[in-house]
Amino acid sequence: MLRNLQQVELQCCRHISTTSTLLKNRAAKTKSTSNRTQLLTYEMAQKPHHIGVRKSWLTWHSQNLEEFRQSQPLVVAQDEVVRRFIRGFFPQNLVVSGNETVIKRRGNILIVAGFLQYSRRLDIRRIYWMFGFAEEFLSILLKQPVKLELAFVESEEDVAYNYI
């Protein structure tokens, strides 16, 4: 009887957790692998508190100017359309799975910058046609001028800044 009473008391007791919260900034911090196989580019290797200092050229935009202001959901939707189009139009050529695609807005112009991996099957005529088609298609779709600044590299190792 005493044993049953102790079990009932344990079940109805409430406890308060008094551990302190861990307010650590863990965003954009990459974990190292055991044999250093994960590729990091220069932008990926920067710490979160260095974004405004070392990566400031990526954060300059003209959306706060009076004549070029657009609503935020429209900008996010346009960026997603551009990223998906680039991933779908250049599927074999994307470096680091397309994570290095940078979309800049300067005035009314949308500039897409990034790296593509060079393949031997692409000839120069086909590359220029693909660039022209992509720029023209995105310009018509988004109703604003689009410029591609995509650089070709030999392999992903050329883009690597560090391995962790």
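FYI, side chains are in, hydrogens and waters are out, and symmetry mates aren't considered; it's all heavy atoms of this structure.
- Between Ile86 and Leu148, the closest side-chain pair of non-hydrogen atoms falls below 4.5 Å.
- Qualifying side chain to side chain contact (heavy atoms under 4.5 Å, CB included) partners for Arg126, counting only residues two or more places apart in sequence or in other chains: Leu122, Asp123, Met130.
- The other residues sharing a hydrophobic cluster with Ile109 are Ile111, where clustering joins ILVMFWY side chains under 4.5 Å apart.
- At least one side-chain heavy atom of Thr101 sits under 4.5 Å from a side-chain heavy atom of Val112.
- Residue pairs meeting the salt bridge (charged side-chain N to carboxylate O under 4.0 Å, His left out) criterion with at least one member in residues 133-154, sequence neighbours excluded: Arg120-Glu154, Lys147-Glu149.
- The shortest side-chain heavy-atom distance between Gln78 and Arg105 falls under the 4.5 Å cut-off.
- Annotation: side chain to side chain contact (heavy atoms under 4.5 Å, CB included) contacts of Val81 (sequence neighbours excluded): Leu141.
- Scored by the side-chain hydrogen bond (donor to acceptor under 3.5 Å, both in side chains) test, Glu80 finds Arg84 as partners (sequence neighbours excluded).
- Using a 4.5 Å cut-off on side-chain heavy atoms (C-beta onward), Phe90 and Leu150 make contact.
- Note that CG of Asp79 and CG of Leu142 are 9.5 Å apart. Values are rounded to the nearest 0.5 Å.
- The shortest side-chain heavy-atom distance between Pro145 and Leu110 does not fall under the 4.5 Å cut-off.
- Partners of Phe85 by ring-ring contact (aromatic ring centres under 6.0 Å, His included), not counting sequence neighbours, listed by chain and number: Phe89, Phe137.
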